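Notes for the one structure printed next.
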Amino acid sequence: MTTPQEDKPVDFIRTIVAGDIANNKNGGRVHTRFPPEPNGYLHIGHAKAICIDFGIAADFAGKCNLRMDDTNPIAEEQEYVDAIQEDIRWLGWDWDGGMFFASDYFERMYEYALQLIDAGKAYVDDLTAEEIREYRGTLSAPGRNSPHRDRSVEENRDLFERMKAGEFPDGTRVLRAKIDMSSPNFNMRDPVMYRILHAVHPHRGDEWCIYPMYDWAHGLEDSLEGITHSLCDLDFENHRPLYDWFLDQLDIHHPQQIEFARFNLTYTVTSKRKLKQLVESNLVSGWDDPRLPTLRGLRRRGFTPGAICDFMKHIGINKFISTVDSALLEHFVRKDLNLTSPRVMGVLRPLKVVIDNYPNDQADELDAVNNPEDESAGTRKVPFSKVIYIEREDFMEDPPRKFFRLSPGREVRLRYAYFITCNSAIKDDDGNVVELHCTYDPETRGGDSPDGRKVKSTLHWVSAARALDAEIRLYDHLFTKENPSDVGEDEDWLDGVNPDSLEVLTGCKVEPSLTGATVGTRVQFERQGYFCVDQDTTEDKMVINRTLSLRDTWAKIQKQQKSSE
RNA sequence: AACCCGGUGGUGUAAUAGGCAACACAGGAGUUUUUGGUACUCCCGUUCCAGGUUCGAGUCCUGGCCGGGUUGCCA
């Protein structure tokens, strides 16, 4: 791994941090923070921020605080506080000294507000929300001063104390910073610092009825925690002058805010609003639906934290919203899983095969390699029998060009077992092939022929006698369009949901070595893809998610053949 | 036509202090193979445009074009 101190920094933020260390800014200290608002579940977009915040701290031997930015009791819940911690830990990051709550600083924020009032830098405004908006002006017109802007310090103090004491109903008064109503930056047009909200706070109960606004609170939170580099979304770029203004007025520790861009992933959405809509409209099964880009969804799907972090490292840090191909994320997942997943055999759509010349009662066990990428994973025994299942799509009665698999008269290898030759196919009344009759060559046990003859393909299979039944869920992109948000005015973005994003297969047959596999267990079904055991698994029903298919050259050939027809 | 921020292949990131545009993904063509997997080889670019500075510009300067953000008592 790259150590920025020794190597050249890899992105513009690390360049800044490295420079600060070189200049002994903050005494050479690096302290970041990840400050989620506990009002929803974390998704792949948050993972970028997490990897930046925790990653930079780690790279420079610094610290990163986890801080719940709980300044708005309306939307926030304890459930999210718990879920957020769990998801960050799953990603592989940790924080020492417990987590912080912005709401723990309410008393000190209040004191600081009083300081600003005393300095004549803040005032209580009686204007309604609508009036404040009107007074704020427009993109091209400057704002106007509130009629209450020049209240005396004494009156402001009195009013603000009474706001805190609960004397006024919600929305009747706010505390505002006195800056500049004609600033081209709206954030500087006397921004609201406190609003009255008689609400129960998940962490502070009903202790407070005034709550600080983000711009006022956030810099104080950072300052109080001794943060050196406050890394945040590009959305806050226009807020930086205000962040700086508050800390300058108070003359307290002043972290440097640096903004970076979030990113979009193709074929999915990450906006909180849209994710919520998907969940609430039951288009997905919940926040942990394996098709969702939520961290819980990705986890359930079988994506690994290592792959997600590698992906984040690869997409880097920038200052414009990029659209990253989902295939890139999938690449890192496959790369990780290829190295670590034990191989087993599983048949998704079983086709019964009877090996006519195989003794009825013979029970054979064959040696199979657990992971060709990892010798230490060893081998296992796989039971063979007269009746087996192969993949339905591995047989074609009338094969097209380049189809190497089984067809009448053709010989193929059963992985780790024998060469078999297909003699006949039995069909049902509708003409569907329902059973194959084959003969095997006992000389080819293990999969090699002593006479050196070759076969063009190797099939996976499962012994009918010893197979485990399973339900297997196949997933595809949740949306049919690369950018699901790109819809016309009279279109509903939800119409872009891929109707085939979930396919549930029942009656799948898997190798007996999967007996008792626990939830979350990851395997590769040879020739199929990466799978993991789902939480819906019960004593008598095994449920397995397909994380990702393997790269499929045959599928590409088929596609080409079809399009050239 | 206010202010702020951006612009390098189809996509994402690189390019010491101006010095042969590199890597990965996707796509295509092959080699190897008891996974049509993996691995390996090869192919795939007007650095948004126009001027300028310079022996030399993706990088510096000027002007334009395009994209994003900003008018919450959300974060």
Side-chain angles (χ1 to χ4, degrees), chain A residues 8 10-11 35-37 39 69 71-72 74-76 125 127-130 132-134 136-143 170-176 183-187 189 191-197 210-211 213-215 217-218 232-241 259 261 263 266 272 311 313-332 334-335 338-339 343 345 368-369 372-373 402-405 413-417 419 444 446-448 454-460 482 524-529 549-557 560:
Chain A
K8 63 180 188 268
V10 290
D11 57 66
E37 185 189 13
N39 72 344
D69 205 4
T71 56
N72 183 1
I74 305 292
E76 296 152 8
D125 199 346
L127 257 28
T128 64
E130 296 87 291
I132 286 181
R133 195 181 331 121
E134 283 165 29
R136 188 153 30 223
T138 66
L139 288 176
S140 46
D170 289 3
T172 51
R173 276 179 235 265
V174 292
L175 182 71
R176 290 232 254 173
S183 170
N185 183 339
F186 274 88
N187 298 119
R189 320 247 264 221
V192 172
M193 295 165 62
Y194 277 95
R195 76 280 214 188
I196 301 172
L197 236 41
I210 55 170
Y211 289 92
M213 298 290 291
Y214 171 88
D215 287 309
H218 205 85
C232 64
D233 192 278
L234 227 47
D235 292 354
F236 299 106
E237 210 164 24
N238 292 331
H239 296 242
R240 190 180 348 120
E259 312 84 13
F263 69 102
T266 56
K272 202 172 274 179
F311 170 74
K313 221 173 284 170
H314 190 90
I315 66 172
I317 310 180
N318 54 16
K319 293 198 75 171
F320 58 94
I321 299 173
S322 52
T323 300
V324 183
D325 195 339
S326 307
L328 188 61
L329 209 208
E330 292 168 2
H331 160 75
F332 285 104
R334 287 196 181 93
K335 192 175 172 186
N338 174 49
L339 261 25
R343 271 59 169 176
M345 291 195 282
V369 173
E373 305 290 333
K402 292 190 180 172
F403 181 85
F404 302 148
R405 281 108 98 142
R413 171 170 37 236
L414 294 177
R415 175 137 242 227
Y416 298 125
F419 285 11
T444 57
D448 278 311
K454 302 283 183 204
V455 288
K456 291 196 82 172
S457 97
T458 300
L459 309 187
H460 61 277
E482 276 201 17
Q524 181 197 104
F525 283 146
E526 297 220 24
R527 303 208 306 135
Q528 289 289 357
S549 65
L550 252 24
R551 275 192 61 214
D552 191 348
T553 307
W554 170 236
K556 280 182 189 172
I557 294 170
Q560 284 175 4

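Since the structure is predicted, the reported quantities are computational estimates derived from the model, not experimental observations. Only heavy atoms go into these numbers, but all of them, side chains included; no hydrogens, no water, no symmetry mates. By convention in this document, chain letters (A, B, ...) are assigned in the order of the sequence lines, proteins followed by strands, and residues within each chain are numbered from 1.
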**Asked** NA contact type, A/Pro142, heavy-atom cut-off 4.0 Å: base, sugar-phosphate, or nothing?
**Response** nothing
**Asked** So what does A/Leu139 hit on the nucleic acid, given a heavy-atom distance under 4.0 Å: a base, only sugar-phosphate, or nothing?
**Response** base
**Request:** Considering only atom P, compute the distance from B/C66 to B/A50 and round it to an integer number of Å.
**Result:** 16 Å
**Prompt:** Side-chain donor or acceptor of A/Gln528 under 3.5 Å from a matching atom on the base of B/U35?
**Reply:** no
**Message:** In whole Å, measure the gap between the C1' atoms of B/A1 and B/G67 for me.
**Reply:** 16 Å
**Prompt:** Is the ring centre of A/Tyr214 under 5.5 Å from the base ring centre of B/A75, and are the two planes under 30° apart, so that they stack?
**Reply:** no
**Prompt:** Is there a donor and acceptor pair closer than 3.5 Å between the side chain of A/Arg189 and the base of B/U71?
**Reply:** no
**Asked** Across the strands shown, which category fits A/Arg136 at heavy-atom distances under 4.0 angstrom: base, sugar-phosphate, nothing?
**Response** sugar-phosphate
**Request:** Scan A/Leu339 against the nucleic acid and name what it touches under 4.0 Å (heavy atoms): base, sugar-phosphate only, or nothing.
**Result:** nothing
**Request:** For A/Leu175, answer base if it contacts any base atom (sugar-phosphate contacts may also be present), sugar-phosphate if it contacts only those atoms, and nothing otherwise; contact means non-hydrogen atoms under 4.0 Å.
**Result:** nothing
**Message:** With a 3.5 Å cut-off and heavy atoms only, can you find an N or O donor on one side and an acceptor on the other between the side chain of A/Arg527 and the base of B/G36?
**Reply:** no
**Request:** Take atom C1' in B/A15 and the same atom in B/A22, then report the distance between them in whole Å.
**Result:** 7 Å
**Message:** Categorize A/Leu328 for me: base, sugar-phosphate, or nothing, with a 4.0 angstrom heavy-atom threshold over every strand shown.
**Reply:** sugar-phosphate
**Asked** With a 4.0 Å cut-off on heavy atoms, is A/Phe419 in touch with a base, just the backbone sugar-phosphate, or nothing at all?
**Response** nothing
**Message:** Stacking between A/Phe404 and B/G36, defined as ring centres under 5.5 angstrom apart with planes under 30°, is that present or not?
**Reply:** yes
**Asked** If we take the C1' atom in both B/C43 and B/C48, what is their distance in whole Å?
**Response** 26 Å
**Request:** Answer with yes or no whether A/His314 presents, from its side chain, a donor or acceptor under 3.5 Å of a partner atom in the base of B/A14.
**Result:** no
**Request:** Classify the nucleic acid contact of A/Thr71 as base, sugar-phosphate or nothing, counting any heavy atom under 4.0 Å across all strands shown.
**Result:** sugar-phosphate
**Asked** With respect to the side chain of A/Asn318, which nucleotide from B/U35, B/U71, B/U13 is positioned closest?
**Response** B/U13
**Request:** Identify whether any heavy atom of A/Asn185 sits under 4.0 Å from a base atom; if not, whether one sits that close to sugar-phosphate; answer base, sugar-phosphate or nothing.
**Result:** nothing
**Message:** Parallel, tilted or perpendicular: which one describes the rings of A/Tyr214 and A/Phe236, with boundaries at 30° and 60°?
**Reply:** parallel
